[in-house]
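So the structure is just underneath, and the comments pick up after that.
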Amino acid sequence: MRPDADPTPDRPGIRISAPPVYRHHYDGARWSKRYAATPTAAYACPCGETRTARGQDAVAALVIEYAAHQHFCTGTPAAPFEGRTAA
């Protein structure tokens, strides 16, 4: 699995990618000015639920949502609502 690949129900978990903010104080720029590097996150559960987020506030909310989902989820896939097996 690539380190930047999003999780899937077959490979559940959470992936968070955030740019570094702090730089060494000897390089002349104490804080990073890379505004284009936006934090992203994605999670997947064996039950089939997947979510993604982009931006600092959305990523923080996704981490909280993932923790809550893990607490209440049984891990079994949800029954399909369409198709032959739904009837």
Side-chain angles (χ1 to χ4, degrees):
M1 181 170 120
R2 293 187 344 245
D4 62 339
D6 285 345
T8 64
D10 296 331
R11 295 180 323 221
I14 189 166
R15 181 203 47 83
I16 301 169
S17 173
V21 176
Y22 183 74
R23 292 170 52 178
H24 196 274
H25 61 279
Y26 290 123
D27 68 359
R30 191 154 180 98
W31 298 99
S32 175
K33 299 293 185 186
R34 297 186 313 163
Y35 297 113
T38 305
T40 60
Y43 83 80
C45 181
C47 72
E49 183 168 348
T50 59
R51 300 266 194 253
T52 60
R54 183 172 181 84
Q56 186 174 356
D57 294 336
V59 168
L62 185 85
V63 170
I64 294 169
E65 181 183 335
Y66 176 68
H69 180 79
Q70 273 193 315
H71 181 73
F72 294 109
C73 183
T74 60
T76 57
F81 296 113
E82 297 179 354
R84 178 181 249 175
T85 57

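Note that the coordinates shown come from a computational prediction; the quantities given were computed from them, not determined experimentally. In this chain, numbering begins with 1 at the start of the sequence shown.
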Residue pair Glu49, Cys73: steps toward the side-chain contact (heavy atoms from CB on, under 4.5 Å) verdict = CA-CA 10 Å; Glu49 183 168 348; Cys73 183; over 6 Å; no

Under 3.5 Å, which donor-acceptor pairs link side chains of residues 56-68 to any protein atom two or more places apart or in another chain?
from	atom 1	to	atom 2	distance (Å)
Glu65	OE2	Tyr43	OH	3.4
Glu65	OE2	Arg51	NE	2.8
Tyr66	OH	Gln70	NE2	3.0

Apply side chain to side chain contact (heavy atoms under 4.5 Å, CB included) to Pro9 and list each qualifying residue two or more places apart in sequence or on a separate chain.
-> Ala44, Thr50

